[in-house]
Amino acid sequence: MLLGSFPRFRTYSRVGTYGRVAGEALLLRTASGDDLQRFEEAVKARTGARFALCMPQARVGIYLAIKALIQPGRKVILSPYTIYDVVNMVICAGGVPLFADVDRETCNVDPRAVLDLLDGQTGAVFVTHLHGLAMDLEELAAACRARNVPLIEDAAQAFGARVRGRWAGTIGDAGIYSFGLYKNINAFYGGMVVTPRQDLRDRLAREMAQAPIQPLWPLLRKVGYGLFTEALTWPPVFRTTAFHVFRQAYLHDIEWLNRRVREENNPQAKQQLPAYYLRRMRPVQARLALQGLDRVEPDFQTRLGFARLYHQGLSDIGDLILPPFREDGSHVYIQYPAQCADRKALVKHMMRRGCDVAVQHMRNCADLDCFAAYRRECPNARDTARQVFILPTYAKYRQRDVERNIDAIRSFFKR
Ligand SMILES: *Cc1c(COP(=O)(O)O)cnc(C)c1O
């Protein structure tokens with residue numbers, strides 16, 4: 001029988017993560033300790049940020065930062081190729097999303113497209129460092145400063161990336177990190193805002209002080225879901241069993257099953273922040289995140305090695321668009337996003353050969369019906385959203401499976 005590759009995704013949780021949560025929950029200790037402050041201090045020390053504040057989720061940090069930095073009704077220029085709930089945060093914060101097209105190679109917003117849209121109505125520029133490929137913001141930051149327009153960085157996927165020695169997230173007026181289940185530090189929920197601005201820090205600290213603490217049960221449910229994910233993606237189980245289920249589902253377009261492994265299924269617009277978003281992080285989460293900090297650099301080195309192999313193995317294939325390969329620390333390759341005009345046929349071909357890969361689930365938000373009021377022609381984002389598939393790079397992945405993916409892709413184009 002065909003043995004599947006390692007799964008497309010595994011969490012960055014560590015040995016002891018689940019035991020720690022269970023133990024603290026049993027001893028009623030999940031809410032005690034000053035570890036939020038310790039985590040904030042640790043992130044400040046590492047990133048060079050002046051201020052850092054824990055958030056219940058990155059998106060809440062995005063919402064609070066935009067709300068604090070713009071006048072209601074002002075335009076917020078951003079990439080349409082992102083998680084739709086990020087666009088919701090702009091709307092909930094009183095901003096009017098103005099989509100700027102992306103760059104095909106990096107999948108990040110094109111700085112020239114942003115500069116073209118900057119005008120007297122601009123409330124903020126919001127950039128996303130997608131897939132861990134941090135943007136060089138020097139020119140854009142200077143243009144924003146010259147016009148007194150705040151620059152906000154979504155570094156949810158780029159914790160650890162440095163551009164010219166400065167951490168992604170610390171270049172603009174505010175930077176946002178995520179410590180959700182799918183990120184390179186997993187606290188099951190969680191995020192952080194870093195900022196050089198005292199006024200912003202004080203305002204966010206006031207908002208957070210008024211918020212109730214993240215309740216235990218929803219958190220434990222998320223941890224339970226994490227444990228389930230862990231079991232399903234544990235290689236001995238995955239390669240012999242789960243892979244074959246997902247493979248059949250994908251090869252035969254069994255939609256109800258495909259939906260289960262896809263996020264972003266039903267994009268919906270929000271006008272108001274759901275009340276349960278505004279919570280303080282629970283100290284047990286900060287303890288998990290603190291443990292994850294020391295792995296950020298070695299895990300990045302592992303991913304960089306995988307990205308190098310993909311780059312070397314695929315860059316001569318003219319029908320693929322690959323991300324730039326940079327070894328200067330600016331690209332931390334949380335994933336390796338490649339693009340192919342017929343990605344569905346390619347992914348099916350890879351699945352048939354035992355590779356577990358997936359198409360990128362994110363949409364071009366400038367085309368979504370739920371954001372029709374903000375629709376804008378962004379042809380690059382449209383093509384990107386149709387063509388990106390994700391090659392795994394996570395730190396527990398194996399070189400052998402990177403090579404298997406490369407072979408499968410090469411055989412697809414040789415047919
Ligand atoms: C994960 C992610 C977010 C949201 O993070 P949460 O902590 O889940 O709110 C925002 N932007 C990007 C690019 C992300 O990948």
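Remember, it's 1-based here, ligands and their atoms both numbered in the order they're listed. Index from 1, following the sequence. Both backbone and side-chain heavy atoms feed into the values below; hydrogens, waters and symmetry mates do not.
Note: no N/O pair closer than 3.5 Å links Thr82 and ligand 1 by distance alone. Considering backbone and side-chain atoms together, Thr128 places no N or O closer than 3.5 Å to any N or O of ligand 1.
Between Tyr333 and His331, the ring-plane angle classifies as perpendicular under the 30° and 60° cut-offs.
Salt-bridge annotation for Arg38 and Glu41: absent, with no side-chain N of the basic residue lying under 4.0 Å from a carboxylate O of the acidic one.
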Ring pair (Phe, Tyr, Trp, His ring centres under 6.0 Å) between Tyr336 and Phe389, worked out: CA-CA 8 Å; Tyr336 193 85; Phe389 63 103; 9.2 Å; no
Check the pair Asn108, Tyr81 against side-chain hydrogen bond (donor to acceptor under 3.5 Å, both in side chains), reporting the backbone distance first and the verdict last. CA-CA 8 Å; Asn108 286 326; Tyr81 189 56; over 6 Å; no
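In this structure, atom 2 (C) of ligand 1 lies nearest to the protein heavy atom Lys183 NZ, 3.0 Å. The protein atom (non-hydrogen) at minimum distance from atom 8 (O) of ligand 1 is Arg59 NH2, 2.8 Å. For atom 11 (N) of ligand 1, the nearest non-hydrogen atom of the protein is Asp154 OD2, 2.7 Å.
Here Phe188 and Tyr18 bring their ring centres to under 6.0 angstrom of each other. For Phe6 and Phe238, the distance between ring centers is not under 6.0 angstrom.
Thr47 places a side-chain N or O within donor-acceptor distance of the main-chain N or O of Ala49, the cut-off being under 3.5 Å. Distance alone, capped at 3.5 Å, places no donor-acceptor pair between the Asn405 side chain and the Cys355 backbone.
For Gly61, the heavy-atom gap to ligand 1 stays at 4.0 angstrom or more. No heavy atom of Gly180 sits closer than 4.0 Å to any atom of ligand 1.
Here Ala58 has heavy atoms under 4.0 Å from ligand 1 in both its backbone and its side chain. Using a 4.0 Å cut-off between heavy atoms, Gln157 contacts ligand 1 through its side chain alone, with no backbone atom that close. If you look at Val60 next to ligand 1, there are no close heavy atoms at all, none under 4.0 Å.
Each of the following atoms of ligand 1 lies closer than 4.0 Å to a heavy atom of Ser178: 5 (O), 6 (P), 7 (O). Close contacts between ligand 1 and Gln57 involve ligand atoms 7 (O), 8 (O), 9 (O) [criterion: under 4.0 Å to a heavy atom]. When each atom of ligand 1 is checked for a heavy atom of Gly190 under 4.0 Å away, the hits are 7 (O). Taking a cut-off of under 4.0 Å to the non-hydrogen atoms of Val86, the atoms of ligand 1 that pass are 10 (C), 11 (N).
Remark: Gln71 CD is loosely packed, at most 12 non-hydrogen atoms of other residues, nucleotides or ligands lying under 6.0 Å away.
One option in Ile83, Ile176, Asp85 has a heavy atom closer to atom 14 (C) of ligand 1 than any other, and that option is Ile83.
With sequence neighbours left out, Phe412 forms a ring pair (Phe, Tyr, Trp, His ring centres under 6.0 Å) with His349.
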